[in-house]
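In what follows, residues are counted from 1 in the order of the sequence shown. As the structure is a prediction and not an experimental result, all values here were calculated from the model.
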Amino acid sequence: QLQLVESGGGLVQPGGSLRLSCAASGFTLDYYAIGWFRQAPGKEREGVSCISSSGRTPNYADSVKGRFTISRDNAKNTVYLQMNSLKPEDTGVYYCNARNWVGDYWGQGTQVTVSS
């Protein structure tokens with residue numbers, strides 16, 4: 001079965017941190033660019049961060065720049081999103097996407113709630 005599985009979400013207070021993981025099974029992530037997306041209730045899905053297959057060209061949405069860090073460990077077939085200084089507006093379901101010129105795969109999402 002080819003799938004991506006996100007984990008690491010949960011409830012955290014403002015200013016706290018979480019690390020999300022995106023693990024692939026049934027295929028390897030070596031030649032895929034990875035993106036993290038999120039969707040808040042009643043809003044459109046938005047891009048949060050992306051990283052190339054090499055891991056050398058990370059990009060971030062302005063809203064998370066300086067607070068979030070994307071990384072990948074191809075040996076573990078896993079991509080991470082370290083989220084620091086979390087704000088209530090970061091609340092939403094976070095999705096992992098793996099994409100290259102022939103494939104496009106999505107995970108099921110993991111809930112992140114930032115609330116006091």
Between Asp90 and Lys87, is there a side-chain N and carboxylate O pair less than 4.0 Å apart?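 No, this pair does not count.
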Quick one: [atom1] on [X] to [atom2] on [Y], what's the gap to the nearest 0.5 Å?
{"X": "Arg38", "Y": "Arg45", "atom1": "CZ", "atom2": "CZ", "result": "13.0 Å"}
{"X": "Asn100", "Y": "Ser53", "atom1": "CG", "atom2": "OG", "result": "9.0 Å"}
{"X": "Tyr95", "Y": "Phe37", "atom1": "OH", "atom2": "CZ", "result": "12.0 Å"}

Show the atom names and distances, to 0.1 Å, of all donor-acceptor pairs under 3.5 Å that link a side chain in residues 10-33 to residues at least two apart or in another chain.
from  : atom 1 : to    : atom 2 : distance (Å)
Ser17 : OG     : Asn84 : OD1    : 2.9

Linking I/L/V/M/F/W/Y whenever any side-chain heavy atoms sit under 4.5 Å apart, do [X] and [Y] land together?
{"X": "Tyr60", "Y": "Ile34", "answer": "yes"}
{"X": "Ile51", "Y": "Tyr105", "answer": "yes"}
{"X": "Val93", "Y": "Trp106", "answer": "yes"}

From CA spacing to verdict: side chain to side chain contact (heavy atoms under 4.5 Å, CB included), Arg67, Met83: CA-CA 6 Å; Arg67 300 187 296 120; Met83 306 186 297; over 6 Å; no
For the ring pair Phe68 and Trp36, is the centre-to-centre distance below 6.0 Å?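 Here the rings of Trp36 and Phe68 have centres that are no less than 6.0 Å from each other.
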How close do Leu81 and Ser49 get, heavy atom to heavy atom, and via which atoms?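 Where Leu81 meets Ser49 most closely, the heavy atoms are CD1-CB, 4.2 Å.
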Examine distances only and state if a side-chain atom of Tyr80 and a backbone atom of Asp73 form a donor-acceptor pair shorter than 3.5 Å.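 Not a single qualifying donor-acceptor pair exists.
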Verify, without hydrogens or angle tests, whether Asn74 (side chain) and Arg72 (backbone) share a donor-acceptor contact under 3.5 angstrom.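 No, because the side chain of Asn74 does not come within donor-acceptor range (under 3.5 Å) of the backbone of Arg72.
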Give a yes or no on this: more than 12 heavy atoms of other residues, nucleotides or ligands lie within 6.0 Å of atom CZ of Arg99.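 No - once you tally the heavy atoms of other residues, nucleotides and ligands closer than 6.0 Å, there are 12 at most.
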Of all residues at least two apart in sequence or in a different chain, which pass the side-chain hydrogen bond (donor to acceptor under 3.5 Å, both in side chains) check with Asn97?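 Asn97 satisfies side-chain hydrogen bond (donor to acceptor under 3.5 Å, both in side chains) with Asp104 once adjacent residues are dropped.
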When the side chains of residues 109-116 are checked against the rest of the protein, which donor-acceptor pairs come out under 3.5 Å, sequence neighbours left out?
from   : atom 1 : to     : atom 2 : distance (Å)
Thr110 : OG1    : Gly9   : N      : 3.3
Gln111 : NE2    : Thr113 : OG1    : 3.3

